[in-house]
Amino acid sequence: QVQLVESGGGLVQAGGSLRLSCAASGRTFSSRGMGWFRQAPGKEREFVASISRSGEIKYYTDSVKGRFAISRDSAKNTVYLQMNSLKPEDTAVYYCAAGGLRPSEHDYDYWGQGTQVTVSS
């Protein structure tokens, strides 16, 4: 069993920063990598960023490119999402996912419980 636990969410002013963490435990992850998704009320869950097992390949959705950065620390079994220049439209529950690399949520086999990010204007 693979368990993913997100942390680091909270309330910030527009233009501020947050760093989300996803701590993994249990079985070895898929070689396809890990990703972050988010979901706002009344909207579909959307892809945010992903990173390969080696960390050499990274993907970002256009709306966060240049503002967010995904990274991983293999020694700590942890994936991070650094979020800078936050906007109110970034407000959502952010989920960590494991087992995929492409933007489709169906590529991922394991999901965390989510952490709330709220950006005030």
Side-chain angles (χ1 to χ4, degrees):
Q1 181 180 357
V2 174
Q3 292 180 295
L4 305 175
V5 180
E6 302 98 331
S7 62
L11 173 64
V12 297
Q13 189 83 4
S17 299
L18 283 174
R19 188 176 76 157
L20 305 183
S21 298
C22 174
S25 62
R27 299 175 182 174
T28 304
F29 292 151
S30 167
S31 61
R32 290 181 294 174
M34 300 182 66
W36 288 94
F37 291 76
R38 66 186 182 185
Q39 186 170 28
K43 301 180 69 176
E44 296 181 358
R45 184 161 57 188
E46 65 176 355
F47 171 80
V48 177
S50 62
I51 186 169
S52 63
R53 184 176 63 179
S54 67
E56 296 179 349
I57 303 173
K58 300 175 182 179
Y59 294 127
Y60 298 95
T61 191
D62 287 344
S63 63
V64 308
K65 193 170 185 179
R67 300 188 297 119
F68 291 9
I70 189 170
S71 61
R72 67 191 303 165
D73 186 336
S74 297
K76 295 182 178 181
N77 294 319
T78 302
V79 176
Y80 305 95
L81 185 68
Q82 178 66 46
M83 305 185 294
N84 300 322
S85 301
L86 283 162
K87 304 175 180 179
E89 48 263 48
D90 295 318
T91 296
V93 176
Y94 283 70
Y95 297 92
C96 176
L101 185 61
R102 298 168 61 186
S104 174
E105 66 185 46
H106 300 294
D107 287 356
Y108 299 82
D109 299 316
Y110 306 98
W111 295 82
Q113 83 289 346
T115 185
Q116 177 71 46
V117 172
T118 303
V119 184
S120 61
S121 60

[atom1] of [X] to [atom2] of [Y]: how many Å apart, nearest 0.5 Å?
X      : Y      : atom1 : atom2 : value
Phe68  : Thr61  : CZ    : OG1   : 10.0 Å
Glu44  : Glu105 : CD    : CD    : 8.5 Å
Thr115 : Tyr94  : OG1   : OH    : 10.5 Å
Leu101 : Lys58  : CG    : NZ    : 12.0 Å

For [X], check side chain to side chain donor-acceptor pair (under 3.5 Å) against everything at least two apart and list the hits.
X      : value
Tyr95  : none
Gln39  : none
Arg67  : Asp90
Thr118 : Gln116

Contacts of type side chain to side chain contact (heavy atoms under 4.5 Å, CB included), residue [X], not counting sequence neighbours:
X      : value
Ser104 : His106, Asp107
Val12  : Leu18, Leu86, Val119
Lys76  : Asp73, Thr78, Tyr80

Ser71 side chain reached by Gln82 side chain, heavy atoms, under 4.5 Å: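 No - every pair of side-chain heavy atoms lies 4.5 Å or more apart.
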
Side-chain heavy atoms of Met83 within contact of Arg19, under 4.5 Å: no

Set of residues satisfying ring pair (Phe, Tyr, Trp, His ring centres under 6.0 Å) with respect to Phe37, sequence neighbours excluded: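 With sequence neighbours excluded, Phe37 shows a ring pair (Phe, Tyr, Trp, His ring centres under 6.0 Å) to Phe47, Tyr108, Trp111, given in chain and number order.
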
Counterpart residues, salt bridge (charged side-chain N to carboxylate O under 4.0 Å, His left out), relative to Glu89 (two or more places apart):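 So Glu89 forms no salt bridge (charged side-chain N to carboxylate O under 4.0 Å, His left out) with any residue.
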
Heavy-atom donor-acceptor pair, Tyr60 side chain to Ile70 backbone, under 3.5 Å: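 A pair under 3.5 Å: yes.
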
Polar side-chain atom of Ser52 near backbone of Ile57 as donor-acceptor pair, under 3.5 Å: yes

Verdict with supporting geometry, Met34 and Cys22, side chain to side chain contact (heavy atoms under 4.5 Å, CB included): CA-CA 10 Å; Met34 300 182 66; Cys22 174; 4.1 Å; yes

Sequence neighbours excluded - disulfide bond (SG atoms under 2.5 Å apart) pairs with any residue from residues 39-74: none

Disulfide bond (SG atoms under 2.5 Å apart) pairs, two or more places apart, involving residues 47-95: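 Pairs touching residues 47-95 that pass the test: none.
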
Atom of Ser121, atom of Ala14 and distance for their closest heavy-atom approach: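 Residues Ser121 and Ala14, closest heavy atoms: CA-CB, 4.3 Å.
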
Less than 3.5 Å apart, which donor and acceptor atoms pair up between the side chains of residues 4-11 and the rest of the protein, not counting sequence neighbours?
from, atom 1, to, atom 2, distance (Å)
Glu6, OE1, Gln113, N, 2.9
Glu6, OE1, Gln113, NE2, 3.3
Glu6, OE1, Gly114, N, 2.9
Glu6, OE2, Cys96, N, 2.7
Glu6, OE2, Gly114, N, 3.2

Residues, nucleotides or ligands: over 12 heavy atoms within 6.0 Å of Glu56 CD: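 Not more than 12 within 6.0 Å, no.
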
